[in-house]
Amino acid sequence: MKLSHYLMPTLRDVPAEAEIESHKLMLRAGLMRKLASGVYSYLPMGLRALRKAEKIVREEMDAHGGQELLMSALLPREDYEASGRWEVFGEDMFRLKDRNGRDFCLGPTHEEIFTNAVKATVKSYKQLPVTLYQIQTKYRDERRPRFGVIRSREFLMKDAYSFDRDTDGLDISYKQMYDAYRCIFDRMDMDYLIVDADSGAMGGSGSQEFMVKSDIGEDTIVYCSCGYCANEEKAQSVADVWNGDAAELEMEKIPTPNAKTIEEVSAFLNTDPRQFAKTLLYQADDKFVAVMVRGDREVNETKLKNHLGCLELALAEADDVVRITGAPVGFAGPVGLSIEVIADEEVAAMKNMAVGANEADMHIKNVNMGRDFTPAHVGDFRNAVAGDKCPKCGKELSTCRGIEVGHIFKLGTKYSDALGCVYLDENGKEQVMVMGCYGIGVTRCLAGIIEQHCDEKGIIWPMSVAPFHAVVVPVSHKDADQMALAEDIYNRLKAAGVEAALDDRPERPGVKFNDADLIGFPIRITVGRKSGEGIVEYKLRAEAEAVELTIDEAIAKTAELVKAAQ
Ligand code: ATP
Ligand code: MG
């Protein structure tokens, strides 16, 4: 490709809307442009990279037993009614009506559609197992679109669905997808973790997320050197019991004026924050519950939501807190509370805890479970944090941040039951199919790759997803010999199977070099002063120094590197 007429509007300045490196670079390198919040257009260079990522996904899905098909993005309401998800998706779903007033949505994910398609076409055990996938645009009206294509409202997803006779079959299909995902993210040169994930309240017997390690990631990953690795939503730790053996003391109500934080209250009561139990009021659908965790802990809302089996969960509004506890926010406690109390196991094992008194500016010391209050349920409702003990081996846990690029999920019969997706077994008996679903955010992958492969000058594409493998840069566009030689090298590279670009723009060399670094071509061949002697400069984007090579050497080395990456 000759760059003189290529649509690659690079930007020198950092666009104000972009907070993170990948977003800035995708705009600055002219890969994409924003159309609306969370909606982007891919320009030629960006589309090339996207197609490369797509190709990797497709090749590995095919190699691991997937069959590609393509569903529509415009989907009728009825398909989502039977599973209840027309309701569940709420405001995240883009909804529209046709001219006859019939409801449609733009598909946020396709479990129901695939299930119905298989229900209509697969009748016998002889046709199973089957794993179907598509690479298709998804729509989600995200509450907070941000970070460019990491959380956008229109994005490209690979979604796959497996259909098996039984759970043993599902285990095999799931493992195949697990293997495919490892190949995909390895080929994209990502540094990732495979993390045990929450399977939600209703369905699923197992779920793992593929997380690209990144400080800007929205997910927290809890891991241990023994191999334990889980999303914070699900991660466990050994209960750290504080003061569990002490003799029970008399309850004592103590004024704590102007003490707002746990630290301030602890100072007042002259206790460690770990001697304190906080009581948080939540609204779960239509009911209110109080949740207790140790003073220095956070409530894990996923664990709580799974336990309650509710659709919506949020901290109670201030006026609800006042109505229920009789005190302003910050003074809730379990003693005499009228609503259901749920206690974390660390709270349950603690003696003589300090709690709010359900009265403004008052706390109670030496409260003991069983004697002074009785929770409806005791369990693990806290976040595991760095320094906690690993639930598997007891060593210290660590945490890091990650971007979820893929998710594999043993759905079981959640959708096949709801939609009646059955087959006839050897005995002619109807059985429900057992399903798995497997997603990859293809556009999010691009951003994830850039987050991990960039420097202050721009993107450093891995060869496998680079829009072009190499760029040939003549130093002076006014030098006809240089231009002719550059074009010759460019043609020879193409003939050798290299996806090459020729920077034949009438620009200063500095501009061309800066753009080459910003766009991140893995290899740059510069035709300059010594070109008359048959010498060019060969530079890898990932390395600081250039080397001088003969033209033949430079072409051979480039072709070699490209081949090695395929
Ligand atoms: P998240 O927790 O990040 O919202 P999710 O659990 O809703 O993701 P899935 O429904 O499992 O995501 O979708 C499969 C994949 O699609 C995710 O692993 C992610 O890579 C990608 N994805 C999901 N939502 C978005 C989005 N808004 N923008 C870009 N990619 C997305
Ligand atoms: Mg997910």
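All values below were derived from every heavy atom in this structure, side-chain atoms included, with hydrogens, water molecules and symmetry-related copies excluded. Note that ligands are numbered from 1 as they come in the structure, with each ligand's atoms numbered from 1 the same way.
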We want to know whether Tyr282 and Glu301 form a side-chain donor-acceptor pair, criterion being a heavy-atom distance below 3.5 angstrom.
yes
Taking only non-hydrogen atoms of Val149 and a 4.0 Å limit, the atoms of ligand 1 in range are 29 (C)
Quick one: look at Thr443 and ligand 1, take heavy-atom pairs under 4.0 Å, and tell me if it's side chain, backbone, both or neither.
neither
What atoms of ligand 1 come closer than 4.0 angstrom to any heavy atom of Arg140?
5 (P), 7 (O), 9 (P), 10 (O), 12 (O), 13 (O), 23 (C), 24 (N)
With backbone taken as N, CA, C and O and side chain as the heavy atoms from C-beta onward, which portion of Arg444 lies under 4.0 Å from ligand 1: side chain, backbone, both, or neither?
side chain
Give a yes or no on whether Arg182 atom CZ has more than 12 heavy-atom contacts from other residues, nucleotides or ligands under 6.0 Å away.
no
Is the Tyr6 to Phe468 ring centre distance short of 6.0 Å?
yes
Going by atom types alone, do Asp159 and Gln134 pair a side-chain donor with an acceptor below 3.5 Å?
yes
Tell me whether Ile403 reaches ligand 1 (any heavy atom closer than 4.0 angstrom to a ligand atom).
no
Have a look at ligand 1 and work out which part of Asp219, if any, has a heavy atom under 4.0 Å from it: side chain, backbone, both or neither.
neither
For ligand 1 and Met157, I'd like to know whether there is a polar contact (N/O to N/O, distance under 3.5 Å).
no
Answer yes if the side chains of Arg28 and Thr10 hold a donor-acceptor pair under 3.5 Å, and no otherwise.
no
Using a strict cut-off of 4.0 Å, indicate which atoms of ligand 1 neighbour a heavy atom of Gly406.
18 (O)
If we number the atoms of ligand 1 from 1 as shown, the ones under 4.0 Å from a heavy atom of Val405 are 18 (O), 20 (O)
Does Arg153 approach ligand 1 within less than 4.0 angstrom via side chain, backbone, both or neither, non-hydrogen atoms only?
neither
Sole residue of Tyr181, Tyr174, Tyr178 in side-chain hydrogen bond (donor to acceptor under 3.5 Å, both in side chains) with Gln208
Tyr174
Should Lys234 and Asp196 count as an ion pair when the cut-off is N to O under 4.0 Å?
no
Can you figure out which of Arg151, Glu404, Arg144 has its heavy atom closest to atom 3 (O) of ligand 1?
Arg151
Atom indices of ligand 1 within 4.0 angstrom of Glu142 heavy atoms, with elements
24 (N), 26 (C), 27 (N)
Exactly one candidate in Glu345, Glu298, Glu232 meets salt bridge (charged side-chain N to carboxylate O under 4.0 Å, His left out) with Arg382; the answer is Glu345
Donor + acceptor pair across side chains of Tyr125, Gln431 (<3.5 Å):
no
Taking 4.0 angstrom as the limit and counting only heavy atoms of His407, give me the atoms of ligand 1 inside it, by number and element.
11 (O)
